[in-house]
Amino acid sequence: MKLSGKTLISEKDIRKRVRQIAKAVAAGTPRGAPLSVLALMDGAFMFCADLVRQLPMPVRLAMVPLPSVRRGGAPARIPLPPEFPARGADLLIVEDILDSGQTLAALRDHLRLLEPARIRLAVLLDKPVRREVDLTPDFACFQVPDRWVVGYGLDWRGLYRNLPYITWVEP
Ligand code: IMP
Ligand code: MG
């Protein structure tokens, strides 16, 4: 594997698009009502930090570890902090990338049991050609081709999360 020398999505384009997505989230939320943002770690850390700063409503934030199902993650055992009640909450799940969709579908099914008022899903990236389950994000910043993308929170074997832009690794 080798890091591509090219940029897939620039820092400037990310900034612009995140601002648009924040506006769309706000437009779909009753004015002044709180939003419970559940950010999935580690991949969503940068996207979430940028997104919540653009949101006008009071935000309750939980950053919880959830590796993909493929990497052994168990959505049904997600550790929600006590100060983040799910029942009746207006939940926004924030994730780095929607790939097969297995992880988020399992998480959504689990969270539904906790009876939130609603669940919306915001992803930075969407790789629709890889989808294995019926899941469409409410908000997606960018669609990406079937490549292993890294940067802006996304990793390859733990590396490259710090890049401020998105690129890919060559097989
Ligand atoms: P899914 O369950 O197949 O949708 O897996 C989604 C998770 O796999 C994401 O949250 C990422 O952690 C990881 N993932 C999938 N594709 C990529 C990629 O291209 N780059 C980095 N991580 C990825
Ligand atoms: Mg992830």
Side-chain angles (χ1 to χ4, degrees), residues 1-15 17-18 21-22 24-25 35-52 61-81 84 86 91-114 116 119-171:
M1 289 274 195
K2 161 175 166 290
L3 191 65
S4 157
K6 299 187 183 117
T7 299
L8 184 64
I9 308 167
S10 73
E11 204 177 342
K12 188 169 161 229
D13 288 347
I14 294 171
R15 204 177 312 126
R17 186 74 181 126
V18 170
I21 293 296
V25 170
L35 181 68
S36 293
V37 172
L38 183 63
L40 307 182
M41 294 294 111
D42 297 323
F45 84 98
M46 222 181 260
F47 173 40
C48 179
D50 286 343
L51 181 69
V52 294
L61 176 68
M63 302 182 120
V64 293
L66 183 63
S68 66
V69 169
R70 234 178 317 148
R71 293 186 196 184
R77 288 202 298 277
I78 191 166
L80 290 185
F84 192 87
L91 271 188
L92 180 71
I93 301 173
V94 176
E95 174 59 315
D96 55 355
I97 184 165
L98 184 54
D99 188 78
S100 74
Q102 298 286 358
T103 310
L104 285 172
L107 176 66
R108 180 194 54 185
D109 292 348
H110 168 67
L111 290 174
R112 276 184 182 153
L113 301 175
L114 306 178
I119 304 176
R120 288 178 295 171
L121 171 62
V123 296
L124 173 70
L125 305 176
D126 185 10
K127 230 191 246 181
V129 296
R130 299 255 315 161
R131 197 80 82 255
E132 293 168 9
V133 298
D134 180 21
L135 186 66
T136 311
D138 299 276
F139 310 97
C141 295
F142 304 97
Q143 289 204 347
V144 290
D146 191 10
R147 291 185 196 160
W148 195 264
V149 288
V150 296
Y152 197 70
L154 292 104
D155 75 307
W156 173 75
R157 299 193 179 173
L159 286 175
Y160 310 126
R161 291 193 199 274
N162 60 308
L163 297 175
Y165 55 90
I166 292 165
T167 178
W168 68 92
V169 289
E170 306 278 10

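Just so you know, ligand 1 is whichever comes first in the structure, and atom 1 is the first atom listed for that ligand. Position 1 is the first residue of the sequence, and the numbers go up from there.
At a 4.0 Å cut-off, at least one heavy atom of Asp96 sits close enough to ligand 1 to count as contact. Ligand 1 has at least one atom lying under 4.0 Å from a heavy atom of Asp155. Assignment of Arg147 to the shell around ligand 1 is supported, since a heavy atom sits closer than 4.0 Å. Using 4.0 Å as the threshold, Gly101 has a heavy atom nearer than that to some atom of ligand 1. Taking a 4.0 Å cut-off on heavy atoms, Lys127 registers as neighbouring ligand 1.
Between Trp148 atom CH2 and Thr167 atom OG1 the span is 14.0 Å, to the nearest 0.5 Å. Atom CG in Leu8 sits 6.0 Å away from atom CZ in Arg147 (nearest 0.5 Å). To the nearest 0.5 Å, atoms OH (Tyr152) and CG (Asp96) are separated by 11.5 Å.
Some N or O of Val149 is nearer than 3.5 Å to an N or O of ligand 1, by distance alone. Residue contacts with ligand 1: Glu95 is placed with a nitrogen or oxygen under 3.5 Å of a nitrogen or oxygen of the ligand (distance criterion only).
Ligand 1 places these atoms under 4.0 Å from at least one heavy atom of Ser100: 1 (P), 2 (O), 3 (O), 4 (O). Each of the following atoms of ligand 1 lies closer than 4.0 Å to a heavy atom of Thr103: 1 (P), 2 (O), 5 (O).
For Arg15, there are no side chain to side chain donor-acceptor pair (under 3.5 Å) partners, not counting sequence neighbours.
By the 4.5 Å heavy-atom criterion applied to side chains, Arg120 and Leu35 are counted as neighbours.
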Enumerate donor-acceptor pairs with a distance under 3.5 Å from any side-chain N or O in residues 101-111 to protein atoms, sequence neighbours excluded.
| from | atom 1 | to | atom 2 | distance (Å) |
| --- | --- | --- | --- | --- |
| Gln102 | NE2 | Glu132 | OE1 | 2.8 |
| Thr103 | OG1 | Val69 | N | 3.0 |

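Asp155 and Arg71 are joined by a salt bridge, as a carboxylate oxygen and a charged side-chain nitrogen come within less than 4.0 angstrom of each other.
The residue from Val133, Ile97, Asp99 that puts a heavy atom closest to atom 13 (C) of ligand 1 is Ile97.
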